Amino acid sequence: MASTSRREQPPWTPPSSHGAPLPPLQIYNSLTKEKNQFVPIDSTGRKVTWYCCGPTVYDAGHLGHARNYVTTDVLRRILRDYFGFEVQFVQNVTDVDDKIILRARQQHLLEEFVSQNSPITPEAVSTVSTAWTAYLKKNTAAGDDVTPENFEKWATSAQKEIMGLVLKERERKLNPSAKAEEEEEVILDEKSTKLKMHLTTLHTASLVLQRTPEDSKDFWSAASSILLPYLDSLNQGREYPPEVFSKLTSYWENHFNEDMATLNVLPPTTVTRVSEFIPENVAFVKKLVDRGFAYPTADGSVYFDIAAYEAAGHHYAKLQPWNRGDESLIADGEGALTSDKASTLPNTVETEEEGKPKLLASKKTPQDFALWKAFKAEKPGEPSWDSPWGKGRPGWHIECSVMCSEVLGGQVDIHSGGIDLAFPHHDNEIAQSEAYWDGCCDIPKTADGKHQWVNYFLHMGHLSIHGSKMSKSLKNFVSIRDALTRGGWTPRGLRIVFLLGGWKDGIEVREGVLMEAKSWETTVAKFFSNVKALIAEEEEEEKKGNRAKQLFGPLEHAIFKDLDTARQSLHAALCDNFNTAAAMKVLSDLIGSTNKYMSQTKSLSAVKEISRWVTRIVTIFGLDPTSTPNGSDRIGWADPTSSTTSSSGAEEIALPYLRTLSTFRDNVRTLAIANPKDSISKDLLLLSDRLRDHDLANLGVALDDRDFAKGAPALIKFVPAEELIAAREEKERRAAEKERKKEEARLRKEEEDRKKEETARVSHLEMFKNDAEFSEWDEQGIPTRSKDGTEVTKSRRKALVKAWERQRKLHEGWLKAKGGAGA
């Protein structure tokens, strides 16, 4: 029996290029922990097979999911649309899982309980109160004396810092319009985040238990989180109809797909669902058992035998060997089986039934993982299927190996997922897949003679909030829909954040991240808007017979050189492990150079070429949902607020009318500016400005007034109305702020002048005589003796004389200003 101690990293064999010409693309490979040249398995070098771990459909997708799937989409698009590979992209849907079963069961029980207690009954309140106490005891260290009535006092005392955060969050929710105070951001570890989640749940429920709200929805919303586990505990052994589970998964799968479409994520080439591959799962597990890499136990479960796998010369935990003994990660991978004592404790005692072979009572070691989970008699309603070992369902890890193998075969180019899946999920996938395929077919081997199932593992970095990984279990996630409707994000803005951050590194959600993405987006949007407006203007002039000049001098040589450099730099960036952050900088730098060029010349030939190239790249990155990278010579991207692809057609229809209106406005402004002292001219200028800044801006039309002395007409641009309105409001805010500061300065000056006048009004002859510090003065009013009769010292008198002299000049100046005479 081989040892289960940590082993050296196994050798990785790069695929053969088969002599096909390939781009010098380097990809960071989690298998080798370094960048490797990308070489497809396909003999022509064109086709790429890719398997992506998809969603477990039991709840709304959050920003962490967006991070994973949008980033994966970016890499897929670059492979397909930039490098020209034919990508076969397979993504699974986990619709059979412990989390799904639990959520479906609990949700069904809650809906049933609410319908039976509507309106809210005293019995329902009593049940919620009992559930509250059970939740408290399970998730906190509170004593028996803690009740809903004194919970806040206890929590504030026992967990002062965390409860303080709970109360602050509640206050912000109750008063969203209140001005937020500047406060230091508190970063919690995972344990503290979980405690904060439990305290929030208990506190919210404690408030409705003390005073039942008039709206029953508020009551059930506050009580649901504590009711779910309690109702489930009261209904152990109950049988549920199959539609309870299918209803949940169908709803959330559709919900996920709608979110992905909103985020402009390409649909998979093939979607596989666990529930539709049950026979294939059974056959796969049976083969592993037959080959000696898995074993059934007495309860009807089947486990992968890691020791047997390693004894055959394989390496376990290729991705993260340092985590192979992490009990918390292993437990998370095993799901509900973790709580089954018989399944988790090492126990090699064999049991025997008449006519059947001996079976182990439980798995051999804690590291062995479930391939098939036996049906539990005490849970009669859970989904299950027949197998040689009795009724049950597939384990979490086996499903991906089976579906990937069924669609893509025994060797795959790319396998991807979030970094949290590396161990144990992906490491277990590798083990069971390579055990299944090893020696079965003519597939290239690694240097140690073993089968290599996946050539490149890509793991997307986490998205974090306040230092914690976004997680449904921690309830610190922001759903994709909430982020897009109330969180200040847009599908394009989110994608830009991920493009700027890189694909394998973590991204921390902070205000600065969103602002950086917004700045990049604004730069590109303004560039496209200006270019399209100049092109439309040029086309209109050509219709009148005024041909545009096609210049090619030093400026043109320089700008085309900038374009060539940008193309080379962007290519190098994408070849370097899909370095989109560097690529995004290449685009913004080129736009900056082109803006400078446009300010120096009216020639648009180079500008058009650059604009088409920038459009193609941002489309490849998925930043324009209405276009394809090689579909046309289109310039620009769609208005992110438009839900149709007809915006460009609408612009073409509106442009002649807008040009007529703009020309009329230009003529009115010309007449008004020619007579600046005329009151009517001032009114006409105000009306012209209002047409530009309000009437047209509200319709998404921007007029850029240009050099009046040269007779240049206003430039007509189509810009999202929201942007123009926001820019106008910001301009008005700044103007109001300037006026406010100006008024404050005027008032300060008035106050300073008043104080100066009061000071100057006092005669230098009298200035010291009202001072109780002195008792005698000379004929000029300068003190000679102090209050106690002592003579004023020379140094003191010197200072008094200086003060007296300053006051004399000040007072005489005041008298002169008032028309009086100096003393």
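What you see is a predicted model, and the numbers here were worked out from it, not measured in a lab.
Checked for salt-bridge contact, R740 and E744 meet the test: a charged N lies under 4.0 Å from a carboxylate O. Using a cut-off of 4.0 Å between Lys/Arg side-chain N and Asp/Glu carboxylate O, K755 and E758 are scored as not salt-bridged. The residues R733 and E729 are annotated as not salt-bridged, no charged nitrogen and carboxylate oxygen being separated by less than 4.0 angstrom. In summary, E743 and R746 engage in a salt bridge, as defined by a charged side-chain N under 4.0 Å from a carboxylate O. Salt-bridge check for E752 with K749: failed, with every basic side-chain N at 4.0 Å or more from each acidic carboxylate O. Between E757 and R761 a salt bridge is recorded (basic side-chain N to carboxylate O distance below 4.0 Å).
For W777 and F768, the distance between ring centers is not under 6.0 angstrom. Annotation: W132 is in aromatic contact with F151 [ring centroid separation under 6.0 Å].
F774 pairs by the ring pair (Phe, Tyr, Trp, His ring centres under 6.0 Å) definition with nothing, not counting sequence neighbours. Under the side-chain contact (heavy atoms from CB on, under 4.5 Å) criterion, E739 pairs with K742, not counting sequence neighbours. Scanning for ring pair (Phe, Tyr, Trp, His ring centres under 6.0 Å) contacts around H203 gives an empty result, with sequence neighbours left out.
Two residues are said to be in side-chain contact when any heavy atoms from C-beta on lie closer than 4.5 Å; I162 and S192 meet this criterion. Looking at heavy atoms from C-beta onward, V524 lies out of side-chain contact with L587 at the 4.5 angstrom threshold. Between F498 and L463 there is a side-chain heavy-atom pair separated by less than 4.5 Å. Using a 4.5 Å cut-off on side-chain heavy atoms (C-beta onward), L590 and D562 make contact.
Side-chain atoms of Q210 come within 3.5 Å of backbone atoms of S206 as a donor-acceptor pair (strictly under, hydrogens ignored). The backbone N or O of K153 lies less than 3.5 Å from no partner atom in the side chain of S157, so there is not a single donor-acceptor pair. Between the R492 side chain and the L623 main chain, a donor and an acceptor come within less than 3.5 Å of each other. Put simply, the side chain of H62 gets close to the backbone of G64: a donor and an acceptor are under 3.5 Å apart. For the pair N150 (side chain) and T147 (backbone), a donor-acceptor distance under 3.5 Å is present. The closest donor-acceptor contact from the side chain of S775 to the backbone of S786 lies under 3.5 Å. With hydrogens and angles disregarded, no donor-acceptor distance shorter than 3.5 Å links the side chain of W520 to the backbone of I496. At least one donor-acceptor pair closer than 3.5 Å links the side chain of R495 to the backbone N or O of F621. No donor-acceptor pair under 3.5 Å is formed between the side chain of S529 and the backbone N or O of A525.
The aromatic rings of H764 and W804 sit perpendicular, their planes meeting at an angle over 60°, well past the 30° parallel limit.
Listed by first and then second residue, the salt bridge (charged side-chain N to carboxylate O under 4.0 Å, His left out) pairs involving residues 683-695 are D689-R692, R692-D705 (not counting sequence neighbours). Pairs passing the side chain to side chain donor-acceptor pair (under 3.5 Å) check and including a residue from residues 590-599, sequence neighbours excluded, read E556-Y597. Listed by first and then second residue, the salt bridge (charged side-chain N to carboxylate O under 4.0 Å, His left out) pairs that reach into residues 780-790 are E776-R785, sequence neighbours excluded.
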